[in-house]
Amino acid sequence: MNAFYQRSELYAAFFSPSQEIRGSIDRVVRRHLGRKPRRVLDPACGPGLWLAHFLQSGAEVAGSDLEESAIALAAKRLPKRGAKVLVGDMRRPPDELGTDFDCVINLDNSLGHLADYMDVAEHFASIRMRLAPRGIYVVGLALREDGDAIDTGVVYERGPVDIEGGGFAALRTESLGLQPRTRCERIRQITITANVKDTPAVIAEQYDLLTFTMEMLRDILVAAGGFEVLGCHDATDEALPAKPFRKRAGDVVLVLRRSDAAGGKPALRGEKPAPRREKPAPRREKPSPRRKASKR
Ligand SMILES: C[S@@+](CC[C@H](N)C(=O)[O-])C[C@H]1O[C@@H](n2cnc3c(N)ncnc32)[C@H](O)[C@@H]1O
């Protein structure tokens, strides 16, 4: 369990989406869906920051997260009408959240917190079942190849900021680079707090995030039943500029659609067999995002 994600007020204070990233996500969604979304699911919703955004723009929203405290805060903040949040694992979000979502959103490399590639395939398969026929999945992940190296050092630094309920806190997140054996990116994070209720003065954590080679991602999407890639955007820039979907694209936001949907490019359909369980599955102490990977 991750101590930072368990302190949802801290997460919300540091990672409330800026106006710029909200506008960029709206643009990306509208471009690929052709309109505003009507039903939105965030399967790792934390305190529901993106759910609140889509609710405001008129969608019905649903979300789940492993952390009870995150769901408790989401339930407290979101109005009852039009929003449903439940504790649940993104490998298979709770059935009670429903299906027929025209937009599923899962940003900040939350997917990287899953333990291994089999979990990721299970996740994509269950998201696929919950999507409306022409619905889109907007997902943040990292595309890296074997042997890639990435810059190490600070990827996110912020604060002190005021915390809802009292007190203040500062956060610093560093990348220790890719682990050669697992190709996971190792993240180290320190949160310092003052007068924040039920929270230690220092939370120091380290965790690993899955990254994906292009081949693995293709295998996974095929094993999950088939998705096509509609768009690829640079996640290190809040403007989310489009970038080529290719090997070593780095931190990206992909827009996917079930490949059995009418139209679109059959980009990844039927190319490869099932994914390999390559990673030794550290059930990791989690937390954290990389909203501004460009700060690295
Ligand atoms: C980077 S945060 C993203 C929160 C939210 N989607 C957002 O963009 O603000 C990652 C979230 O993933 C959650 N998480 C990690 N593993 C999970 C899993 N297996 N199932 C559901 N949620 C998970 C964490 O508890 C955390 O709230």
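Start at 1 and go down the list; that is how both ligands and their atoms are numbered. Not measured: the values here are computed from a predicted model. By convention here, the first residue in the shown sequence is residue 1.
Contact analysis puts Pro43 in contact with ligand 1, with a non-hydrogen atom separation below 4.0 angstrom. At least one heavy atom of Gly88 sits less than 4.0 Å from an atom of ligand 1. Contact analysis puts Trp50 in contact with ligand 1, with a non-hydrogen atom separation below 4.0 angstrom.
Glu145 and Thr213 are not linked by any side-chain donor-acceptor pair at a separation below 3.5 angstrom, with hydrogens and angles left out of the test. The closest side-chain donor-acceptor pair between Asp108 and Ser110, if any, does not fall under 3.5 angstrom. Side-chain contact, Glu67 with Ser8: no donor N or O sits under 3.5 Å from an acceptor N or O.
By heavy-atom distance, the residue among Gln6, Glu67, Met90, His53 lying nearest atom 21 (C) of ligand 1 is Met90. Residue Tyr11 holds the heavy atom nearest to atom 3 (C) of ligand 1 of all those in Tyr11, Phe14, Phe4. Counting heavy atoms only, Asp65 comes closest to atom 11 (C) of ligand 1 of the residues Asp65, Leu111, Ile21.
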Pair Arg144-Asp251, salt bridge (charged side-chain N to carboxylate O under 4.0 Å, His left out): steps then yes or no: CA-CA 9 Å; Arg144 319 241 182 242; Asp251 290 301; 3.2 Å; yes

Worked verdict on Ile203 versus Ile190 for side-chain contact (heavy atoms from CB on, under 4.5 Å): CA-CA 6 Å; Ile203 303 172; Ile190 297 202; over 6 Å; no

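Neither the backbone nor the side chain of Ser64 comes within 4.0 Å of ligand 1, counting heavy atoms alone.
Distances between N or O atoms of Ala70 and those of ligand 1 include no value under 3.5 Å. Below 3.5 Å of separation, one finds an N or O of Asp42 facing an N or O of ligand 1. Looking at ligand 1, you'll find an N or O of Asp89 within less than 3.5 Å of one of its N or O atoms. At a 3.5 angstrom cut-off on N or O pairs, Asn106 does not count as close to ligand 1. Backbone and side-chain nitrogen or oxygen atoms of Leu66 are examined, and one is located within less than 3.5 angstrom of a nitrogen or oxygen of ligand 1. At under 3.5 Å, a nitrogen or oxygen of Ala44, whether backbone or side chain, sits near a nitrogen or oxygen of ligand 1. Between Arg91 and ligand 1, no N or O atom pair is found at a separation short of 3.5 Å.
Remark: Arg130 engages Asp95 in a salt bridge, criterion side-chain N to carboxylate O under 4.0 Å. Of the charged side-chain nitrogens involved, at least one lies within less than 4.0 Å of a carboxylate oxygen, so that Asp148 and Arg248 count as a salt-bridged pair.
Under a hydrophobic clustering in which Ile, Leu, Val, Met, Phe, Trp and Tyr are joined whenever their side-chain heavy atoms come within less than 4.5 Å, directly or via other members, Val139 and Met129 fall into different clusters.
Distances below 4.0 Å separate heavy atoms of Gly46 from the following atoms of ligand 1: 4 (C), 27 (O). In the vicinity of Leu114, heavy-atom distances shorter than 4.0 Å reach the ligand 1 atoms 19 (N). Close approach of ligand 1 to Ser110 is summarised as follows: ligand atoms under 4.0 Å from at least one heavy atom of the residue are 1 (C), 2 (S), 3 (C), 10 (C).
For Phe101 and Tyr137, the gap between ring centers reaches or exceeds 6.0 Å. Taking the six-membered ring wherever Trp is involved, the centroid distance between the rings of Phe15 and Tyr156 falls below 6.0 Å.
Taking OG1 of Thr99 as the start and CD1 of Ile127 as the end, the distance is 12.0 Å to the nearest 0.5 Å.
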